[in-house]
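Okay, so here's the structure we're looking at.
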Protein chains: 2
Amino acid sequence: MDDSAIRLFKTTLRTNNHSVTKTRLIVFNLLKGQEPISMNSLLRIGKNRFDRASLYRTINLFEEIGVAHRVNLGWKYKIELTDKFAHHHHHLSCTNCGRVIPIREDDELEKLIIQISDTHNFSASKHQIEIQGLCSKCMRLKVVM
Amino acid sequence: MDDSAIRLFKTTLRTNNHSVTKTRLIVFNLLKGQEPISMNSLLRIGKNRFDRASLYRTINLFEEIGVAHRVNLGWKYKIELTDKFAHHHHHLSCTNCGRVIPIREDDELEKLIIQISDTHNFSASKHQIEIQGLCSKCMRLKVVM
DNA sequence: TTATTTTTGCGACATATTTGCAATATTTAG
DNA sequence: CTAAATATTGCAAATATGTCGCAAAAATAA
């Protein structure tokens, strides 16, 4: 699974006429098997392995060829791999501790989204659903206090 | 209705220990009864009535006390009043022409969100749903071309 | 391996957002 | 209503975030 994702990634680059480079592999690996991660964190982690400009160019490319996308969490955004490399899902983000909990795809929810779009004659290509609140842990703490 | 929103706004400021100021009223009025609006537009419109720094401080305050919030539309974000001052709703945003279409609250959708949160022992306080795609107009154009 | 094509790092920009502080407006107390 | 106390504003400067051009380095093609 690990290996196959990288293989798919390389193929995706090639079929889109882009080179397989060190920077792209590093960034891909940073994104793989992770929670959504911010540009800033990526930058901090990869500081001496790639440049800021390259990171932005890399993420832009990843979006273009459908490898990664930006997830909006409240005000900021973070990056995560697309459904091709991880299952389609949405997030619960805890406003207290910052934890981001992925939630599994819900057929009913997805169907509803399509249905609502249709009602408006709108051809939806993608969507984000972000839910904010308190995770079970923080909720417990709040109650105690 | 017009007046009552402003009254509620003033009360909200006061109960949160903040002054009712000219700038805050202007910004509130700019947001009222509008589509989500970008910082840039607000800035352009209010250029000679308030300063950039004040606008940012105002919007931050509005978020803090639950008067307005940032809506992420694809990569950028815009500002709009919260449900307290406008009905709860979500958006369809056209990736071609940039139009933002508000969609009316859908009971089933809202219920589903709560239900999913519950499953994860998560106490949801708010959520955003953003759908991107082509509006009917742009879709027609694309087909023709 | 060499030639060709792409990508990277760097520094300079451009834009977006935040901060400190003195001046001004708002609120409070009388 | 006025004066004192407190909160907010504008301005200029500092940071943060994102983009660009170009020579050097890496990847691909021959």
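Chain A is the first sequence line, chain B the second, and so forth, proteins listed ahead of strands; every chain is numbered from 1. Side chains included, hydrogens not; waters and symmetry mates left out as well; all remaining heavy atoms used.
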Starting from [atom2] on [N], measure out to [atom1] on [X] and report it in whole angstrom.
X	N	atom1	atom2	value
B:H18	D:dT8	NE2	P	6 Å
A:L25	D:dT28	CG	C1'	15 Å
B:R24	D:dA7	CZ	C1'	8 Å
B:K47	D:dG10	NZ	C1'	15 Å
A:L55	C:dC10	CG	P	14 Å
B:D51	D:dT8	CG	C1'	12 Å

Considering just the side-chain nitrogens and oxygens of [X], establish if one lies under 4.0 Å of OP1 or OP2 belonging to [N].
X	N	result
A:Y77	D:dT17	no
B:T21	D:dT9	yes
B:N17	C:dT27	no

Taking side chain as C-beta onward, heavy atoms only, is A:I79 less than 4.5 Å from A:R70?
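Yes, at least one pair of side-chain atoms sits under 4.5 Å.
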
Within the structure provided, determine whether A:S93 and A:H91 are in side-chain contact (heavy-atom separation under 4.5 Å).
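A side-chain contact under 4.5 Å is absent here.
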
Regarding A:N40, tell me which of base, sugar-phosphate or nothing describes its non-hydrogen contacts under 4.0 Å with the strands shown.
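Sugar-phosphate, no base atom in range.
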
Return yes if the base of D:dG10 and the side-chain atoms of B:R57 contain a donor-acceptor N/O pair under 3.5 Å, otherwise no.
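Per atom types, the contact qualifies.
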
Please evaluate the base of C:dG9 for a donor-acceptor partner in the side chain of A:R52 within a cut-off of under 3.5 Å?
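A donor-acceptor contact between them is absent.
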
Helix axis bend for the helix from C:dT1-D:dA30 to C:dG30-D:dC1 - C1'-based end axes, five pairs, 10° rounding
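Comparing the first five pairs with the last five, the axes sit 50° apart.
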
State which residues pass side-chain hydrogen bond (donor to acceptor under 3.5 Å, both in side chains) with B:H120; sequence neighbours excluded, sorted by chain then number.
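Scan of B:H120 (side-chain hydrogen bond (donor to acceptor under 3.5 Å, both in side chains), adjacent residues dropped) gives none.
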
Group every Ile, Leu, Val, Met, Phe, Trp and Tyr by side-chain heavy-atom contacts under 4.5 Å, then state whether A:I131 and A:Y77 land in the same group.
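As far as the 4.5 Å side-chain criterion goes, A:Y77 and A:I131 are not connected within one cluster.
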
Which label fits A:F28 and A:F85: parallel for a plane angle under 30°, tilted from 30 to 60°, or perpendicular past 60°?
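Ring orientation of A:F28 relative to A:F85: perpendicular.
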
Show the atom names and distances, to 0.1 Å, of all donor-acceptor pairs under 3.5 Å that link a side chain in residues 11-20 of chain B to residues at least two apart or in another chain.
residue	atom	partner	partner atom	Å
B:T11	OG1	B:R7	O	2.9
B:T12	OG1	B:L8	O	2.6
B:T15	OG1	B:T11	O	3.1
B:T15	OG1	B:T12	O	3.2
B:H18	NE2	B:N16	O	3.3

